[in-house]
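Everything below concerns the one structure shown next.
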Amino acid sequence: MSIFSDLAHQYIDGEWLAGNGSWDIIDVNPYNGEKLAAITVATVEQVDQAYRGAERAQREWAATSPYIRRAVLERALRITEEREKEIVEAMIDELGGTRPKAEYEVHLAMEFIRESLQLAVRPEGRILPSPVEGKENRVQRLPVGVVTVISPFNFPFLVTLKSVAPALALGNAVVVKPNQNAPVVGGGVIAKIFEDAGLPAGLLNVLVTDIAEIGDALLTHPVPKVISFAGSDRVGRHVGSIAARHFKRTVLELSGNSALVVLDDADLDYAVDAAVFSRFVYQGQVCMAANRILVDASVAEEFTAKFTARVRALKTGDPREADTHIGPLINSFQADALTALVDQAVESGARALVRGSTRGNLVEPTVLAGIPEDSPLLGQEIFGPVALLVVFDGEDEAVRLTNATPYGLSGAVHTRDVERGVRFAQRIETGMMHVNDSTIGDEPLAAFGGEKASGLGRLNGEATVEAFTTQKWISVQHGRTAFPF
């Protein structure tokens with residue numbers, strides 16, 4: 001199987017199809033510009049076809065034994081394990097990430113499939129007491145029906161499967177719209193895995209398309225009941241508002257502006273390691289990446305020297321080379337925008353402790369310091385290899401600066417006193433906070449999501465059950481109710 005030639009299609013109601021649109025999405029290797037595939041976009045009619053197929057298939061799937069659903073997921077896991085190397089290679093080509101990044105993504109995605117095996121048999125009904133004599137209250141947990149998954153380019157295989165696998169396990173059908181920059185790894189590859197695992201036709205659909213072709217049809221269509229979206233807060237606001245007007249539930253994992261905070265008693269060498277990884281993994285194109293590195297004034301000089309030395313040693317280049325740390329940004333638009341952002345920051349008075357150059361989509365790392373506290377740069381998400389170094393004086397100021405952003409997705413604090421770190425973490429307005437670790441983390445059982453403009457809802461573990469099921473109350477009167485008239 002050649003992934004890009006075989007899987008660069010629409011997958012609708014169990015069939016691999018060409019899109020019916022009048023233009024193509026071109027899938028390009030961001031490092032060398034090689035054309036990987038051309039996919040004709042799906043139309044509004046094909047959106048309806050996918051949703052109607054999902055609706056039909058879901059009714060029977062929901063009535064299927066959860067043990068049968070689990071068996072499909074078990075086969076999907078085995079197939080993913082067998083194809084791991086092939087998926088990793090495709091991921092490097094399509095996303096421009098290094099091999100360790102691709103291997104990490106596939107390994108973690110398999111952990112989420114493993115957890116979904118348990119979800120298939122986890123939902124339980126309850127019998128609740130009633131104040132009414134003779135009445136029995138039964139509360140059932142049921143699948144919502146059809147779930148729409150709109151995934152990003154940066155971790156498309158993982159993020160898509162985080163919703164797809166549990167949604168299917170819980171008895172739902174799914175329609176996926178992968179990001180245009182990751183249509184195969186985030187769409188076709190996943191569809192093929194489940195097709196080969198024996199998932200009945202219609203339960204998983206992949207639509208490669210664009211709002212320019214279909215408008216808001218994915219969101220306004222009457223069939224889907226839940227929209228699981230991961231991407232920018234700008235698009236997320238639109239998704240959330242449209243979904244709310246049509247009484248659809250949402251899980252929104254949006255932008256971040258995480259801070260990694262180094263307190264005065266931190267292990268500085270370890271904190272440097274965590275900061276370099278947190279900022280520069282996958283070129284900084286991670287919602288949980290540490291945009292801001294906050295360092296106590298008492299250790300700022302030593303930390304800065306060690307941090308900048310490490311950053312200067314990072315190699316930017318071909319992601320297939322084993323010693324490359326930083327590959328290309330996903331496209332030229334992002335590379336040009338990031339370069340302009342750094343130029344503007346320096347012109348506005350920021351000091352470039354490390355100043356990288358730009359060559360095509362390759363953007364070398366930059367470290368900026370001396371940024372005015374009221375600079376918009378400190379409050380926004382930077383999706384690229386640019387670190388902002390901020391010095392603070394004491395814990396209270398660190399808390400204030402960390403919270404001085406409209407976002408609240410992730411963060412980290414470094415200290416030799418673990419309980420001090422926990423107390424600090426509790427003061428931060430963020431959905432996730434890590435003591436003595438990276439700002440980047442995701443685990444199958446730990447609730448994942450953000451506060452403020454970083455999103456709504458949670459995934460993983462019990463949160464996933466809440467996201468993709470609904471509850472139904474059925475009462476049974478074993479006696480006779482006394483009515484007032």
Side-chain angles (χ1 to χ4, degrees), residues 1-17 50 53-91 102 105-123 143 145-149 151 155-178 182-208 228 444 464-465 468:
M1 180 183 69
S2 172
I3 282 183
F4 292 104
S5 61
D6 293 348
L7 304 183
H9 305 285
Q10 314 296 335
Y11 185 67
I12 300 173
D13 204 5
E15 295 186 54
W16 295 92
L17 304 169
E55 184 180 39
R56 287 193 303 271
Q58 190 273 332
R59 296 189 187 102
E60 185 174 347
W61 185 242
T64 299
S65 164
Y67 290 92
I68 292 176
R69 298 200 298 265
R70 186 174 69 176
V72 173
L73 287 158
E74 287 173 339
R75 291 193 293 271
L77 177 59
R78 287 199 299 270
I79 291 168
T80 304
E81 291 171 338
E82 292 166 1
R83 298 176 186 172
E84 178 182 354
K85 291 182 179 179
E86 189 176 14
I87 295 169
V88 165
E89 296 301 322
M91 199 174 284
E105 180 171 354
V106 177
H107 288 166
L108 189 53
M110 289 191 288
E111 288 299 323
F112 276 93
I113 298 175
R114 288 189 183 96
E115 173 60 20
S116 295
L117 300 178
Q118 309 307 315
L119 291 184
V121 296
R122 183 176 295 177
V146 177
V147 175
T148 300
V149 178
S151 57
F155 284 85
F157 189 72
L158 168 63
V159 173
T160 303
L161 276 170
K162 276 185 61 173
S163 289
V164 167
L168 292 172
L170 292 164
N172 300 287
V174 184
V175 173
V176 173
K177 194 203 86 64
V184 175
V185 172
V189 168
I190 294 170
K192 183 62 175 173
I193 288 170
F194 279 96
E195 180 184 54
D196 291 349
L199 183 72
L203 289 174
L204 177 59
N205 303 266
V206 173
L207 297 169
V208 181
S228 178
T464 298
V465 177
F468 299 135

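For this chain, numbers begin at 1 and follow the sequence in order.
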**Study point:** Residues Arg78, Glu81: salt bridge by 4.0 Å N-O rule
**Key:** no
Practice item. Using side chain to side chain donor-acceptor pair (under 3.5 Å) as the criterion, list what pairs up with Thr148, not counting sequence neighbours. Key: Tyr51
**Study point:** Non-hydrogen side-chain atoms of Pro178 and Val206 separated by less than 4.5 Å
**Key:** yes
Review point. Any side-chain heavy atom of Arg56 sitting closer than 4.5 Å to one from Asp13?
Key: yes
Review point. Does Phe157 reach the side chain of Met91, with side-chain heavy atoms less than 4.5 Å apart?
Key: yes
Check your understanding: Would a distance-only check, ignoring hydrogens and angles, find a side-chain to backbone donor-acceptor pair under 3.5 Å from Arg70 to Ala120?
Key -> no
Point to revise | Heavy-atom side-chain proximity of Ser151 to Lys177 below 4.5 angstrom | key: no
Check your understanding: To the nearest 0.5 Å, what is the distance between CG (Leu203) and CZ (Arg69)?
Key -> 10.0 Å
Practice item. Begin from the C-alpha positions of Tyr11 and Glu195 and carry the test side-chain contact (heavy atoms from CB on, under 4.5 Å) through to its verdict. Key: CA-CA 10 Å; Tyr11 185 67; Glu195 180 184 54; 3.5 Å; yes
Exercise for review: Run through Ile190, Ile193, Leu161 and flag the one making a side-chain contact (heavy atoms from CB on, under 4.5 Å) with Thr80.
Suggested key: Ile193
Exercise for review: Would you mind reporting whether Phe155 and Lys162 have side-chain heavy atoms less than 4.5 Å apart?
Suggested key: no
Exercise for review: Return the minimal non-hydrogen interatomic distance between Ala173 and Ala54, and the atom names on each side.
Suggested key: CB-O, 3.5 Å
Check your understanding: Is there a side-chain contact between Leu168 and Val174 (heavy atoms, below 4.5 Å)?
Key -> yes
Check your understanding: Going by heavy atoms in the side chains, are Val176 and Asn205 under 4.5 Å from each other?
Key -> no
Point to revise | Polar side-chain atom of Gln10 near backbone of Val208 as donor-acceptor pair, under 3.5 Å | key: yes
Review point. Under 3.5 Å, is there a donor-acceptor pair between the side chain of Arg75 and the main chain of Gly198?
Key: no
Revision key, fill the gap. With Pro166 as partner, the option from Leu73, Asn172, Leu119 fulfilling side-chain contact (heavy atoms from CB on, under 4.5 Å) is Leu119
Exercise for review: Check ring pair (Phe, Tyr, Trp, His ring centres under 6.0 Å) between Phe468 and all other residues, then give those that pass, not counting sequence neighbours.
Suggested key: none
Check your understanding: Does Leu199 reach the side chain of Trp61, with side-chain heavy atoms less than 4.5 Å apart?
Key -> yes
Check your understanding: Only one of Val106, Ile3, Asp196, Val189 forms a side-chain contact (heavy atoms from CB on, under 4.5 Å) with Arg83, so which one is it?
Key -> Asp196
Check your understanding: In this structure, are over 12 heavy atoms from other groups packed under 6.0 Å from Glu60 atom CD?
Key -> no
Check your understanding: Quick one: does Gln58's side chain have a donor or acceptor within less than 3.5 Å of a partner on Gly171's backbone?
Key -> yes
Study note, to complete from the structure: Residues at least two apart in sequence or cross-chain that pass side chain to side chain donor-acceptor pair (under 3.5 Å) with Arg122, listed by chain then number, are Glu115, Glu462
